[in-house]
Amino acid sequence: MIQAIITKPFADQDPGTSGLRKKVKIFETPHYTENFIQSIFDCTGKSKGKRLIVGGDGRFFNQQVIQKVLKIAAANGFASIMVGKGGILSTPAVSHLIQKYKAHGGIILSASHNPGGSDGDFGIKYNIASGGPAPEKVTKGIYACSQKIRCYRIANVGDIDLDRLGHQEIGGMKIEIVDPVRDYADLMEKLFDFQAIRQAIADGLRFRFDAMHAVSGPYAHEIFEKRLGFPTGTVIKGQPLPDFGNKNPDPNPVHAKDLIDLLMSDGGPDFGAASDGDGDRNLVIGKGIFITPSDSLAILAANAHLVKGYRAGVAGVARSMPTSTAIDRVAKKHRFFLYETPTGWKFFCNLLDMGLITLCGEESFGTGSSHVLEKDGLWAILMWLNILSITGKSALDIVRNHWREYGRNYYSRHDYEEVDTAAAKEMMKNLHDRLESLPGMEIGGFKIEKADEFVYHDPVDCSVSHNQGLRILFKNGSRIVFRLSGTGTQGATVRVYMERYEADPVLQEQNTQKALSTLISIADEIGNLKLYLNRNAPTVIT
Ligand code: G16
């Protein structure tokens, strides 16, 4: 029943910021997907007798790959596999199930916010026994295995019925098809004061959640409508679809524009939110105000003590390097330890696992806490709903009061997507080579104090991660950061992050792009963006 299939390595199976992401067509290449799954098992070893968790965001090819995972896992000696019904499991739900059921690890099938459908993207992520994404030493190991693979093992059996709850079997391996939502929703009920939110709903709190036809729909229907009692229709686009309704499941101002417009309209609800393909990102919008992910992290940290699951206090906080320094001001005032990590949730995991931090987040719409070792979209939204309910204040007032107290960090990210890879690398190299000459230089009234390449020294495992972005730090506290994205599937994506601090309340209500206009021109000039990238403007501004 178990077959050994002869194969050859594929040179491009190096996982990026968050797993292996490629076009569906590439994953459909004969042996491509099987090779990578076998490489995960070869690298992570000792599968005999262990349990694995498997699920995905419902995108095109999800169920076919789950069948492959089940058959390859059976041939590699796993004792049992837990799978979400219909192949559905959000990224934070997988992380929680790994911890709760003490699994060896988990495989998450998702390309996150990238487009779906047969012409879209697919992805495979591996999470380790702690529940967190595989750290760099594991992803490097998986890549090394994929480069010397000669054969993979697979059980030659028919497909498993992924829609039938309960137990099935392949050879000696048990397969348990579980409700993807229940355990996760129970966890949320432990962390948050659902009664306070129910009371706020009774008092008139109106909310809209856009699930973007991605994985969080079933979770949102259960938590927001069934358990909390928001009216039916509060959750829109709640049915996961293989092509996400032909839209990008990316909760940003471009792809969630309808929701933002609704919240900016006179008759709109009090609070709006959206999540991405695999349910780990969040967008939060108050009536009349778009809340940046960096501000959201700072505000959640400043108010965490109000929320049931966090009353014991916050041990520390962390942000990725390009994320705005708004959280740093909160950490300073509340005396939280503060850590600055490279982009990639995996870098938070040692800190979370060791109890060094309680909350963390990124500018890329990711926020989370020590409740699971993944960023968690619905968790962040429930944190906000809980804080709104307990304080009785509007989101707009909460954000404005925060700026008055801590100052405002104007912040924006400009993305140049699908640019020529060689040109993008050349642009970064050229800037890298000039870094030493920049300090002391004055451009547009801004004086450069420091310019460097960000290198991270992990305080827990002492690993060192080089090449994590180029930083230009100005004397007045402003920053420009240049990075190449690690999640694109076509050409290269250059990300330019800009930040300026404003302490004066009178000057805190400007349009963000206007407030940053000088820094935007400086970034253009220092990076020679137009020259190298052959673009007049960024593709996406967030
Ligand atoms: C992943 C990572 C995040 C990262 C984001 C963008 O998120 O987990 O930590 O911030 O990609 O990365 P990059 O700037 O390299 O494209 P997700 O939600 O896509 O898995």
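Each ligand, and each atom within it, is numbered from 1 in the order the structure gives.
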> Partners of His402 by side-chain hydrogen bond (donor to acceptor under 3.5 Å, both in side chains), sequence neighbours excluded?
Replying inline: none
> Without hydrogens or angle criteria, can the side chains of Thr493 and Asp415 be said to hold a donor-acceptor pair below 3.5 Å?
Replying inline: no
> Taking it one step at a time, do Ser478 and Arg500 satisfy side chain to side chain donor-acceptor pair (under 3.5 Å)?
Replying inline: CA-CA 4 Å; Ser478 298; Arg500 177 169 85 73; 5.7 Å; no
> How far apart are the C-alpha atoms of Tyr184 and Ser90, what are their side-chain angles, what is the distance that settles it, and do they pass the side chain to side chain donor-acceptor pair (under 3.5 Å) test?
Replying inline: CA-CA 9 Å; Tyr184 177 84; Ser90 75; over 6 Å; no
> For ligand 1, what is the set of protein residues having any non-hydrogen atom at a distance below 4.0 Å?
Replying inline: Thr17, Ser18, Arg21, Ser112, His113, Asp276, Asp280, Arg281, Thr343, Gly344, Trp345, Glu362, Ser364, Lys375, Arg483, Ser485, Gly486, Thr487, Arg495
>> Run the ring-ring contact (aromatic ring centres under 6.0 Å, His included) test on Phe61 and Phe27 for me, step by step, so that the C-alpha distance in whole Å, both residues' side-chain angles and the decisive distance to 0.1 Å come before the verdict.
In response: CA-CA 9 Å; Phe61 212 38; Phe27 276 102; 7.3 Å; no
>> Can you classify the ring geometry of Phe207 versus Phe209 as parallel (below 30°), tilted (30 to 60°) or perpendicular (above 60°)?
In response: tilted
